Amino acid sequence: MTAADTPTDGPRSIEQRRREALDRLARDIDVWVATADATGEPTLVPLTFWWDGETVWLATRDTNPTGRNLRASGRARLCFGHTRDVVLIHGTARMLTRDELPTSVGDAFTAKDGWDPRESGPSYVWFQVTPKIIQAWGTVPEMTDRDLMRDGKWLVQGD
């Protein structure tokens, strides 16, 4: 259990939330991925991910609703954590085929989770999600300063 998993005596500083958000991106295995189709029909699924320090990498079939939605809209919302320790990313998604995927990305993704989508059939594609907004909060007192990134730029600097 980390400090982010336990209740605090008061709101965490924005600097602490940035550190803990980056820690979550580095250590968590799965993320909730929200997309919508052209009519606005939502889809919410958990997917394995890898954070490269700047972007989130996802793999899914290009034939399922999430793959189709990401390909068509180029937008996603990613939610990490639980309801008392949320990291929410609004980002743009770029699709890459197996042939376009850098080997280093596929290898790092596989090393993190132990699953290699490159071996799971030709319908698997990759999405590189670039954060435009990152928010992190635990409880109501942290809602006011929940924005860590806006327009792809960190609002608070790290260590």
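Treat the numbers as computed from the prediction; the structure is a model and nothing was measured.
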Query raised in the report: Given side chains that start at C-beta, do those of T110 and E119 come closer than 4.5 Å, heavy atoms only?
Result: no

Query raised in the report: Are H90 and R75 side-chain neighbours, meaning at least one heavy-atom pair lies under 4.5 Å?
Result: no

Report task. Quick one: name the residues clustered hydrophobically with W137, using the 4.5 Å side-chain heavy-atom rule over I, L, V, M, F, W, Y, and just say none if it's on its own. Result -> V86, L88, M143

Query raised in the report: Which residues pass the salt bridge (Lys or Arg N to Asp or Glu O under 4.0 Å) test with D116, sequence neighbours left out?
Result: R118

Query raised in the report: Mind checking what makes salt bridge (Lys or Arg N to Asp or Glu O under 4.0 Å) contact with R61, not counting sequence neighbours?
Result: none

Query - With sequence neighbours excluded, residues passing side-chain hydrogen bond (donor to acceptor under 3.5 Å, both in side chains) with Q128 - result: T55, R94

Requested in this report: Kindly say whether V156 contributes a backbone atom to a donor-acceptor pair with the side chain of R18 at under 3.5 angstrom?
Outcome: yes

Query raised in the report: Is R71 reaching over with its side chain to a backbone N or O of D62, donor-acceptor style, under 3.5 angstrom?
Result: yes

Query - E142 side chain vs G138 backbone, donor-acceptor pair below 3.5 Å - result: yes

Query raised in the report: Of all heavy-atom pairs between D147 and I14, which one has the smallest distance, and what is that distance?
Result: O-CD1, 3.3 Å

Query raised in the report: Do any N or O atoms from the side chain of R17 and from the backbone of D145 form a donor-acceptor pair under 3.5 angstrom?
Result: yes

Query raised in the report: Listed by chain and number, what are the side-chain hydrogen bond (donor to acceptor under 3.5 Å, both in side chains) partners of D37, not counting sequence neighbours?
Result: T39

**Report entry** Distance in Å, L148 CG paired with E20 CD, rounded so as to fall on 0.5 Å steps
**Finding:** 10.5 Å

Query - R68 side-chain N/O to T63 backbone N/O, donor-acceptor pair under 3.5 Å - result: yes

Query raised in the report: Would I133 and M149 satisfy side chain to side chain contact (heavy atoms under 4.5 Å, CB included), going step by step from the backbone distance to the final call?
Result: CA-CA 5 Å; I133 298 171; M149 177 185 281; 5.9 Å; no

Query raised in the report: Looking only at heavy atoms, what is the nearest atom pair of L47 and A59, with distance?
Result: CD2-O, 4.2 Å

Report summary line: The salt bridge (Lys or Arg N to Asp or Glu O under 4.0 Å) partners of D52 (sequence neighbours excluded) come to none

Query raised in the report: Is the count of non-hydrogen atoms from other residues, nucleotides or ligands lying under 6.0 Å from R98 atom CZ greater than 12?
Result: yes

Query raised in the report: Hey, what else clusters with W126 if you join Ile, Leu, Val, Met, Phe, Trp, Tyr whenever side-chain heavy atoms sit under 4.5 Å?
Result: W50, W57, L96, L101, V105, F109, W115, Y124

Query raised in the report: Counting only N and O atoms by type, is there a donor-acceptor contact under 3.5 Å from the side chain of K112 to the main-chain atoms of R27?
Result: no

Report summary line: For A34, the side-chain contact (heavy atoms from CB on, under 4.5 Å) test, sequence neighbours excluded, returns L44, R77

**Report entry** side-chain hydrogen bond (donor to acceptor under 3.5 Å, both in side chains) involving T48 - partner list, sequence neighbours excluded
**Finding:** D30

**Report entry** Spacing of S13 atom OG and R19 atom CZ [to the nearest 0.5 Å]
**Finding:** 5.5 Å

**Report entry** Within one Ile-Leu-Val-Met-Phe-Trp-Tyr cluster: V45 and F80, side-chain cutoff 4.5 Å
**Finding:** yes

Query raised in the report: Could you go step by step and tell me if L70 and V125 meet the side chain to side chain contact (heavy atoms under 4.5 Å, CB included) rule?
Result: CA-CA 11 Å; L70 287 169; V125 293; over 6 Å; no

Query raised in the report: Say you draw a straight line from CG of D28 to CG of D23; how long is it, rounded to the nearest 0.5 Å?
Result: 8.0 Å

Query - Heavy-atom pair of closest approach, residues G91 and V129 - result: CA-CG1, 4.0 Å

Query raised in the report: According to a 4.5 Å side-chain heavy-atom criterion applied to Ile, Leu, Val, Met, Phe, Trp and Tyr, with indirect links allowed, do W154 and I89 form part of one hydrophobic cluster?
Result: yes

Report summary line: Minimal heavy-atom distance between W51 and L25, with the atoms involved, is CB-O, 3.4 Å

Query - Pairing residues for P42 by the side-chain contact (heavy atoms from CB on, under 4.5 Å) criterion, not counting sequence neighbours - result: none

Report summary line: Those residues at least two apart in sequence (or on a different chain) that pass salt bridge (Lys or Arg N to Asp or Glu O under 4.0 Å) with D113 are none

Requested in this report: Go through T139 and R84 one step at a time and tell me if the side chain to side chain contact (heavy atoms under 4.5 Å, CB included) criterion holds.
Outcome: CA-CA 6 Å; T139 58; R84 299 262 173 177; 3.6 Å; yes

Query - Sequence-distant partners of E100, side-chain hydrogen bond (donor to acceptor under 3.5 Å, both in side chains), two or more places apart - result: T97

